[in-house]
There are 2 protein chains.
Amino acid sequence: MARAARAAQGRQLEHPGTDQIRLEDVLSALSDPIRLRIVHDLSQGHDDMACIAFELPVSKSTSTHHFRVLRESGVIRQHYEGTSRMSRLRTDDLEERFPGLLSAVLLARSMDATVPGRTV
Amino acid sequence: MARAARAAQGRQLEHPGTDQIRLEDVLSALSDPIRLRIVHDLSQGHDDMACIAFELPVSKSTSTHHFRVLRESGVIRQHYEGTSRMSRLRTDDLEERFPGLLSAVLLARSMDATVPGRTV
DNA sequence: GTCAAACTACGACGGTGTTCGTACATTGAG
DNA sequence: CTCAATGTACGAACACCGTCGTAGTTTGAC
């Protein structure tokens, strides 16, 4: 990309406002095992991790896809830091929008013995 | 069907045991607006309703499909009563398996103004 | 037995989701 | 500048999901 265009766009990322987060999008985002694992890892003190640090069992393209689904559904917030894209849970926003939902899902995942591949 | 076979099968319906309910199946089942509406209606004192009583904006075949997804994921329990198939929420089973999850989802739906078609 | 009501099974269709490889963009280090 | 690291965009392949119509099953009423 040309230098002017680079400076102009500044690598912005689209996020829904807290009010725009839709329940069905959140539930759909969380119904995938890989995305559920990402959310779990983020909740376990691994906030602000680069995508590559998750060591997911999928290709880089697929990883990008899952992070985008989580971001566009309002579950995570992402920002650039050098060549890396850092991710963190939108814990407070979700608590305001859908009280108790995220914690219930995370508790549920910890109780579900059928979910493999814990990283913590 | 022959009379003998009818008596033999007795119109059984498959349900997962409480221990077999999987989080991802539940979240996936609840991420559809029509199924979310069914669950909401069932939670609003409309327990033990026949499928047709929901007046869903889809065909009967599609309705059957959605009720089966809810049943096979462990969200509802169904039993025959005459020609009707009665449905009820597995509230206690879900609370035991994934504490707080169902109530959080129902609360979230009531807070989500983007969800149309409330029947109550 | 006959008939209507409630529901299912099946196949089909279009849309969407997940996955990947390849090519490209951006950044920071040397 | 060059290069490696990180990640994206794009298209393709494949499977799955939601929807429907049609035909059939089961039940209860007559």
Side-chain angles (χ1 to χ4, degrees), chain A residues 1-14 22 24-38 48-73 75-87 117, chain B residues 1-15 22 24-38 48-73 76-87 117:
Chain A
M1 184 183 285
R3 218 157 280 173
R6 185 207 305 168
Q9 86 163 32
R11 299 235 274 175
Q12 299 281 358
L13 289 168
E14 299 263 334
R22 298 197 316 135
E24 290 151 36
D25 292 345
V26 172
L27 294 178
S28 177
L30 296 179
S31 65
D32 181 273
I34 292 186
R35 293 194 290 262
L36 207 49
R37 171 174 158 179
I38 293 172
D48 268 338
M49 273 172 68
C51 294
I52 202 172
F54 289 83
E55 298 181 6
L56 300 173
V58 290
S59 72
K60 284 199 298 177
S61 332
T62 305
S63 188
T64 297
H65 163 72
H66 285 305
F67 277 97
R68 178 166 47 195
V69 171
L70 286 172
R71 174 168 46 84
E72 292 182 345
S73 67
V75 176
I76 66 172
R77 192 177 292 281
Q78 294 186 293
H79 70 278
Y80 280 102
E81 218 162 278
T83 62
S84 296
R85 180 178 280 196
M86 299 302 186
S87 301
Chain B
M1 180 184 287
R3 220 158 274 174
R6 186 208 305 167
Q9 88 163 31
R11 300 235 274 174
Q12 300 281 358
L13 289 168
E14 300 263 334
H15 292 82
R22 298 197 314 137
E24 290 151 34
D25 293 344
V26 172
L27 294 177
S28 177
L30 296 179
S31 66
D32 180 273
I34 291 187
R35 294 194 290 262
L36 207 49
R37 172 174 157 178
I38 293 172
D48 267 339
M49 273 171 70
C51 294
I52 202 171
F54 288 83
E55 298 182 6
L56 301 172
V58 290
S59 73
K60 283 200 298 177
S61 334
T62 306
S63 188
T64 297
H65 163 72
H66 286 305
F67 277 96
R68 177 167 48 196
V69 171
L70 286 172
R71 173 168 47 85
E72 293 182 344
S73 68
I76 66 173
R77 192 176 292 279
Q78 293 186 293
H79 69 279
Y80 280 103
E81 219 162 278
T83 61
S84 295
R85 181 178 279 196
M86 298 301 185
S87 300

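Chain identifiers are assigned alphabetically (A, B, ...) following the order of the sequence lines, protein sequences preceding nucleic acid strands; residue numbering begins at 1 within each chain. These numbers come from the heavy atoms of this one structure, side chains and all, not from hydrogens, waters or symmetry mates.
We find that CZ of A:R85 is positioned 11 Å from C1' of D:dA9, with the value rounded to whole Å. Between A:F67 atom CZ and D:dA9 atom P there is a gap of 15 Å when expressed in whole angstrom units. Across the protein-nucleic acid pair, B:E55 atom CD and C:dC7 atom P stand 12 Å apart, rounded to whole Å. Atom CD1 in B:I38 sits roughly 12 Å away from atom P in C:dC7 (whole-Å rounding). Distance, B:I34 CD1 to D:dC17 P: 16 Å, rounded to whole Å. Atom pair A:D32:CG and D:dC17:C1' shows a separation of 15 Å (rounding to whole Å applied). Rounding to whole angstrom units, CE of residue A:M86 and P of D:dT8 are separated by 13 Å. Rounded to a whole Å, the NE2 atom of B:H79 is 12 Å from the P atom of C:dC7.
Listed pair A:T62 / C:dT19 fails the phosphate criterion, with no side-chain N or O lying under 4.0 Å from OP1 or OP2. Within the structure, every side-chain polar atom (N or O) of A:R68 is placed at least 4.0 Å from both OP1 and OP2 of D:dG7. In this model, the phosphate group of C:dT19 is approached by a side-chain N or O of A:H66 to a distance below 4.0 Å at OP1 or OP2. Between A:R35 and C:dT18 there is a side-chain N or O to OP1 or OP2 distance below 4.0 Å.
Counting heavy atoms from C-beta outward, A:R71 and A:S87 have side chains that stay 4.5 Å or more apart. For the pair A:S73 and A:R35, the minimum side-chain heavy-atom distance is 4.5 Å or more.
The nucleotide whose nearest atom lies closest to any side-chain atom of A:Y80 is, among D:dT8, C:dC20, D:dC20, D:dT8. Here the side chain of B:K60 is nearest to one of D:dT19, C:dC20, C:dC7, namely C:dC7.
Expressed to the nearest 0.5 Å, how far CG of A:L30 lies from CG of B:L30 amounts to 11.5 Å. Taking CZ from A:R68 and CD1 from A:I76, the interatomic distance works out to 12.0 Å, rounded to the nearest 0.5 Å. If you take CG on A:L13 and CZ on A:F67, they are separated by 12.5 Å, rounding to the nearest 0.5 Å.
At a cut-off of 3.5 angstrom, the base of D:dG7 holds no donor-acceptor pair with the side chain of A:T64. A donor N or O paired with an acceptor N or O is not found under 3.5 Å between the base of D:dG28 and the side-chain atoms of B:T83.
The residue B:S61 sits close to a base: some heavy atom pair falls under 4.0 Å.
Each of A:E81 and A:S31 lies near DNA chain C, and the nucleotide nearest A:S31 is the one positioned closer to the 5' end.
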